[in-house]
Amino acid sequence: DATLYLDEMQRFLITTCGRKYGISRIHAALLRRKITRKKLSLIAQQQNAYERHCHMQMVRLHFEAGQIICVDETRKDARLLMRDHGYGPRDERVNVVRHYMRGFNSISAMGVMSLDGMVDAALHEARGINSATFFYDCVNHIIPHTNPFPGPNSVVFIDNAIIHWSAEVLELFRLHGVILHHLPAYGYDLMP
């Protein structure tokens with residue numbers, strides 16, 4: 001388990017091997033094997049490999065980097081206590097499979113990024129973002145930075161949350177000649 005702390009590794013070794021090793025000895029052994037502590041990369045169990053492959057092929061064939069604007073939301077909930085660091089081989093990501101949970105009252109942020117960097121952002125203090133709030137954010141924080149396809153900033157990459165599929169949002173992008181491209185389910189790691 002990559003998320004174990006050193007004292008938990010020590011207890012695990014006592015339970016499984018019947019021997020007690022000091023925490024400093026465990027840490028030194030990990031370093032000798034080039035295993036270091038790092039930020040975890042979370043992978044949802046619900047990902048579909050075929051959908052992900054099709055998405056990547058389509059992106060490579062139809063879009064150029066200068067056409068893409070990436071939009072993503074994040075939320076911070078102080079009561080979420082999952083570990084976000086773990087041990088693994090040096091220069092490699094440590095992946096942990098988890099179920100995703102919906103949060104409670106928190107701060108929600110939406111970032112809008114193009115090749116020029118972060119071009120806009122929106123912050124909301126709420127349990128989450130609903131369709132009306134997302135539509136407002138599209139009108140005020142995304143659409144002003146877009147151009148009709150196939151111009152620069154003419155394809156908006158976004159995840160497939162249900163609020164991103166509302167008829168009003170789809171029509172807004174269509175009227176402005178902008179392609180709204182949804183990532184595959186649980187494909188958050190495919191955001192460029």
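The chain is numbered in sequence order, starting from 1.
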| query | Is Met191 reachable from Val155 through a run of I, L, V, M, F, W or Y residues, each pair having side-chain heavy atoms under 4.5 Å apart? | reply | yes
Heavy-atom closest pair (Met118 atom, Val112 atom, distance to 0.1 Å) is SD-O, 3.3 Å
Can you hop from Val119 to Leu115 via hydrophobic side chains spaced under 4.5 Å? no
Interatomic distance, CD1@Ile35 vs NE2@His27, rounded to 0.5 Å, equals 11.0 Å
In this structure, NE2 of His181 is separated from SG of Cys70 (nearest 0.5 Å) by 10.0 Å
Residues pairing under salt bridge (charged side-chain N to carboxylate O under 4.0 Å, His left out) where one sits in residues 159-177, two or more places apart or in two chains, turn out to be Glu171-Arg174
All heavy atoms of Val156 vs all of Val71, minimum pair found to be CG1-CG2, 3.7 Å
Check: Transitively linked via ILVMFWY side-chain contacts under 4.5 Å: Leu183 with Ile179?
Finding: yes
* Could you check if a side-chain atom of Pro144 sits within less than 4.5 angstrom of a side-chain atom of Asp120, using non-hydrogen atoms only? => no
query = In terms of ring plane angle, is the pair Phe157 and Phe63 parallel, tilted or perpendicular, where the classes change at 30° and 60°?
reply = perpendicular
| said: For the residue pair Glu73 / His124, report whether a side-chain donor-acceptor contact shorter than 3.5 Å exists. | reply: no
Inset, instruction - Ignoring hydrogens and angles, tell me if any N or O in the side chain of Gln10 forms a donor-acceptor pair with the backbone of Lys20 under 3.5 Å. - result: no
Smallest heavy-atom separation, His164 atom then Val169 atom, equals O-CG1, 4.0 Å
Can you list the steps and then say if Leu180 with Leu170 is a side-chain contact (heavy atoms from CB on, under 4.5 Å)? CA-CA 7 Å; Leu180 184 60; Leu170 298 176; 3.9 Å; yes
Exercise. Are any side-chain N or O atoms of Gln67 and backbone N or O atoms of Pro150, one a donor and one an acceptor, separated by less than 3.5 Å?
Worked result: yes
- Query: Are Asp72 and Ile158 close enough that some pair of their side-chain heavy atoms sits under 4.5 Å apart?
  - Reply: no
Lys38 and Glu92 have their tightest heavy-atom pair at CD-O, 3.1 Å
Determine whether Ile163 and Phe135 make a side-chain contact, defined as any pair of heavy atoms from C-beta on separated by less than 4.5 Å.
no
In terms of heavy-atom contacts, Asn160 and His182 come closest through CA-CD2, 4.1 Å
CA sep, side-chain torsions, deciding dist, call: Tyr5, Arg37, side-chain contact (heavy atoms from CB on, under 4.5 Å):
CA-CA 10 Å; Tyr5 290 123; Arg37 188 165 168 76; 3.2 Å; yes
_Please tell me whether Met56 and Met58 are part of a single hydrophobic cluster in this structure, the criterion being side-chain heavy atoms less than 4.5 Å apart._
yes
Practice prompt. May I ask you to test the Ile142-Met110 pair for a side-chain heavy-atom distance under 4.5 Å?
Written response: yes
Here the salt bridge (charged side-chain N to carboxylate O under 4.0 Å, His left out) pairs for residues 50-68, sequence neighbours left out, are Arg52-Asp189
Practice task
State, with a plain yes or no, whether a side-chain heavy atom of Arg19 is found less than 4.5 Å away from one of Leu13.
Solution key: no
Between the SG atom in Cys54 and the CD atom in Gln57, the distance rounded to the nearest 0.5 Å is 8.0 Å
* Would you say the side chain of Met113 lies within less than 4.5 Å of the side chain of Ile69, judging by non-hydrogen atoms? -> no
* Does the pair Tyr21 and Met9 meet the rule for a side-chain contact (heavy atoms from CB on, under 4.5 Å), with working shown? -> CA-CA 9 Å; Tyr21 294 97; Met9 290 180 195; over 6 Å; no
Taking every heavy atom of Val139 against every heavy atom of Leu172, the minimum-distance pair comes out as CG2-CD2, 3.8 Å
* Around Leu175, counting heavy atoms of other residues, nucleotides and ligands shown, do more than 12 lie under 6.0 Å from its CG? -> yes
